[in-house]
Colleague: 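Just passing along the structure, written as structure tokens.
Fair warning: this is a prediction, and the values are worked out from it, not measured in the lab. Below, all heavy atoms of this structure are taken into account, side chains as well, without hydrogens, waters or symmetry copies.
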Amino acid sequence: MKRRRTALLSLATLLGAALTALPVQSAGADEAEQVRNGGFDTTADPWWTSNVSAALTGGQLCADVPGGTANRWDSAIGQNDITLVKGTTYRFSFRASGVPEGHAVRAIVGLAVAPYDTWQEASPVLDPAGDAYSYTFTAPVDSTQAQVAFQVGGSAEPWRFCVDDVSLLGGVPPEVYEPDTGPRVRVNQVAYLPAGPKNATLVTDAAAKLPWQLKNSAGATVAHGWSVPRGLDASSGQNVHTIDFGGYRKRGAGFTLVADGETSRPFDIGAAAYEQLRLDAVKYYYTQRSGIAIRDDLRPGYGRAAGHVGVAPNLGDTSVPCRTGECDYRLDVSGGWYDAGDHGKYVVNGGIAAWELLSTYERSLVARTGRPAKLGDGTLALPESGNRVPDVLDEARWELDFLLRMQVPDGQPLAGMAHHKIHDAQWTGLPLLPADDPQQRELHPPTTAATLNLAATAAQAARLYRPYDKAFAAKALSAARKAWTAALAHPDVYADAADGTGGGAYNDDDVTDEFYWAAAELYLTTGEKRYADHVLNSPQHTADVFGAYGFDWSRTAAAGRLDLALVPSKLPGRDKVRRSVVRGADAYLAALASQPYGMPYAPVGNRYDWGSSHQVLNNAVVLATAYDVTGASKYRDAAVQGMDYILGRNALNISYVTGYGEVNAQHEHSRWYAHQLDPKLPSPPAGTLAGGANSDIQDPYAQSKLQGCVGQFCYIDDIQSWSTNETAINWNAALARMASFVADQG
């Protein structure tokens with residue numbers, strides 16, 4: 001699976017800045033105190049400064065910070081050579097003030113040498129009077145080269161920063177992280193469909209059934225009944241009951257559910273919220289675009305300069321070299337979507353994301369409840385709106401053009417294959433707007449998986465864009481055929497699992513699923529026997545491709561199977577294909593029934609995977625497709641119910657979609673949706689899906705808070721938690737697909 005790492009970049013590495021050592025003094029320190037001279041009583045040794053004028057003032061260290069810098073690390077104060085012991089808990093504390101008010105400081109503890117990992121960071125907004133700040137974390141490694149730093153750059157105007165009483169005290173008791181889960185009645189905090197299922201989960205120690213009441217916005221009881229005890233829920237470690245109030249079908253806003261002395265968070269009964277979420281989940285992609293300025297009139301509060309177009313300090317994507325020694329050409333790989341919270345662009349993740357966005361539109365054309373006008377021209381407020389092309393196709397086109405640019409040119413070794421990815425040579429820190437990224441961009445070697453992603457998505461594009469742009473459709477089909485031929489000639493060129501510096505590795509050494517998917521899309525577009533033969537002879541064609549974890553960028557056979565079931569064709573044995581989708585849906589139906597929180601996701605050993613939120617949704621996509629194939633309401637209801645978990649009916653009582661639900665994820669890991677770290681930057685836009693619970697909690701911040709977590713509790717809404725709380729284009733594609741389906745059922 002994808003592995004990410006967020007780096008703390010040293011100031012010298014980033015910009016070649018000269019670090020100024022401050023005057024020397026001897027310092028006696030408590031054995032557990034790691035910071036030397038944090039009180040600044042007589043001198044400032046051994047603190048260094050960079051791009052500030054600093055001096056002692058009244059027993060504190062004050063720095064005059066110049067204006068006009070772009071990044072936090074452009075000006076800083078710090079101390080190196082700090083020792084940390086793995087597994088030891090530290091309290092990082094200090095007093096700080098800022099004049100004028102409203103400026104933030106990025107206070108970090110991290111590695112002072114490559115790879116510059118960050119282990120603790122916070123960005124308090126300072127006021128002139130000053131305040132005390134304290135943070136506790138557990139060191140994930142042993143190090144004698146740690147660093148404490150206060151990064152104060154990134155301000156257009158000059159300001160004054162003062163700090164005192166800096167301490168990094170080891171051996172303190174670890175803080176027990178207790179998430180605020182709110183009322184014990186857990187509901188979909190957004191909306192239930194009037195004629196759809198309505199279920200809730202009650203956390204309670206009671207063994208016997210309990211009464212419940214559904215109340216309207218005026219507080220009047222409009223329905224009542226009894227809960228169903230479910231015992232211990234393995235996914236949360238809680239004793240729970242379930243509540244079914246599906247018999248109530250009247251529309252309205254501000255309903256609450258009352259049981260066991262607890263009142264749920266409010267919710268609506270109606271489809272309006274899903275109509276909006278259908279749009280917001282796709283609007284997300286515009287602010288993920290690379291190579292174009294984001295217009296503030298189209299996304300108020302999210303306007304920014306174009307990223308990676310070669311305007312200093314940015315080196316740009318219009319002429320990107322391969323890594324040293326890997327090719328002797330450069331490619332224009334501008335455009336596309338930034339993959340996640342970093343500035344990388346990856347063909348294997350871009351492929352599955354583009355496919356699912358295109359399939360959201362294609363379903364609207366072929367399914368009985370599809371409504372293609374809902375994502376039509378003018379619906380998404382894009383620069384291209386008004387061109388008589390459905391807006392969802394305009395948005396997907398931005399990524400498709402990039403994918404086509406990643407194809408190796410004719411005359412070069414491995415011509416026709418696709419480069420796996422393009423990203424920075426080294427990891428960058430947070431926050432960092434795309435236009436401010438100073439790193440060299442590099443093309444990484446072609447792979448069979450990337451080539452087949454290109455073949456699949458370009459083939460799908462060829463049939464969907466044909467009514468609107470015949471030339472582009474022909475170009476896409478030609479690229480798809482060329483990629484297919486290249487993949488057949490080079491069937492086992494895999495990504496290096498160790499290639500994770502500056503971007504995720506996205507390694508995958510089994511591409512039988514990608515071959516199957518690409519052949520399916522090429523057949524559906526062309527009807528040609530050679531592609532049908534590959535589909536029918538593939539081991540994936542009769543395999544169970546609907547596993548517990550769901551499909552994603554590394555498990556793509558389901559993408560081919562779903563399209564073969566849904567898109568009309570003359571494939572021999574198509575009825576068997578459709579029946580296989582129904583069997584997969586039956587397994588997810590059984591999983592949903594077994595889960596007291598009602599999600600079609602029951603991972604083996606209760607080990608929640610990276611991006612579990614989108615896996616829940618992709619399992620719901622299989623249920624939705626079974627409904628489209630059969631018309632059986634049980635699949636429709638199960639697919640709709642899958643959204644409940646995402647929107648608040650979960651152990652943490654949080655909606656994983658920004659802007660939806662009374663309590664929703666707001667601090668997803670991102671370098672430019674980074675309001676938590678820089679008040680001048682926005683939070684993620686409404687309709688952004690958080691990755692969700694991840695039992696492996698790979699990032700240091702999650703590790704410091706979530707050790708021993710059970711299933712659903714392996715999540716924290718903090719920008720530092722890239723393993724549980726990142727945003728990603730493939731995850732939002734699953735949200736777009738399901739939001740559109742649910743809206744169509746309203």
Colleague: CZ/R304 to CG/L681 distance, rounded to the nearest 0.5 angstrom?
Modeller: 11.0 Å

Colleague: Could you go through Q641 and D637, starting from their C-alpha distance and side-chain angles, then the distance that decides it, and tell me whether this counts as side chain to side chain donor-acceptor pair (under 3.5 Å)?
Modeller: CA-CA 6 Å; Q641 190 175 337; D637 288 352; over 6 Å; no

Colleague: Between atom CG of L592 and atom CG of N199, what is the distance when rounded to the nearest 0.5 Å?
Modeller: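 Atom-to-atom, L592:CG and N199:CG are 8.5 Å apart.
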
Colleague: Checking N730 side chain against I352 main chain: does a donor-acceptor pair fall under 3.5 Å?
Modeller: no

Colleague: Can a donor-acceptor pair be found between the side chains of E668 and T688 at a distance below 3.5 Å?
Modeller: no

Colleague: From R278 CZ over to T360 OG1, what is the distance, rounded to the nearest 0.5 angstrom?
Modeller: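 Here the rounded value is 10.0 Å.
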
Colleague: For the pair S364 (side chain) and G370 (backbone), establish whether a donor and an acceptor sit closer than 3.5 Å, ignoring hydrogens and angles.
Modeller: no

Colleague: Tell me if a side-chain donor or acceptor on H669 pairs with a main-chain N or O of I719 at a distance below 3.5 Å.
Modeller: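 At least one qualifying donor-acceptor pair exists.
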
Colleague: So, the side chain of K198 versus the backbone of Y248: is there a donor-acceptor pair under 3.5 Å, distance only?
Modeller: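 At least one qualifying donor-acceptor pair exists.
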
Colleague: For E726 and G341, indicate whether the former's side chain and the latter's backbone hold a donor-acceptor pair under 3.5 Å.
Modeller: yes

Colleague: Give a yes or no on whether the backbone of Y601 and the side-chain of N619 come within a donor-acceptor separation of less than 3.5 Å.
Modeller: no

Colleague: Please say which of F402, Y506, W553, W337 ends up in a ring pair (Phe, Tyr, Trp, His ring centres under 6.0 Å) with Y346.
Modeller: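 Answer to the ring pair (Phe, Tyr, Trp, His ring centres under 6.0 Å) test with Y346 among F402, Y506, W553, W337: Y506.
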
Colleague: Among F713, Y715, Y177, Y701, whose side chain to side chain contact (heavy atoms under 4.5 Å, CB included) with L706 holds?
Modeller: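 Answer to the side chain to side chain contact (heavy atoms under 4.5 Å, CB included) test with L706 among F713, Y715, Y177, Y701: Y177.
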
Colleague: Is the backbone N or O of G344 less than 3.5 Å from a side-chain atom of D342, with the two atoms forming a donor-acceptor pair by type?
Modeller: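 Yes; at least one donor-acceptor contact below 3.5 Å.
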
Colleague: Can you find a heavy atom in the side chain of Q213 that is under 4.5 Å from one in the side chain of P211?
Modeller: yes

Colleague: Would you kindly say whether Q288 and Y673 are connected by a side-chain donor-acceptor distance under 3.5 Å?
Modeller: yes

Colleague: Quick one: closest heavy-atom pair of A591 and S594, and the distance?
Modeller: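 That closest heavy-atom pairing would be O-OG, 2.7 Å.
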
Colleague: Is the shortest heavy-atom distance from the side chain of W517 to the side chain of W355 under 4.5 Å?
Modeller: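 Yes, side chains in contact.
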
Colleague: I want to know whether Y645 and Y608 have ring centres closer than 6.0 Å.
Modeller: no

Colleague: Hey, could you give me the CH2/SG distance between W610 and C714, rounded to the nearest 0.5 Å?
Modeller: 14.0 Å

Colleague: Report yes or no: does R371 contribute a side-chain atom to a donor-acceptor pair with the main-chain N or O of A743 at less than 3.5 Å?
Modeller: yes

Colleague: With ring-ring contact (aromatic ring centres under 6.0 Å, His included) as the test, would you mind laying out the steps for Y338 and W672 before giving the verdict?
Modeller: CA-CA 11 Å; Y338 296 118; W672 58 100; 5.4 Å; yes

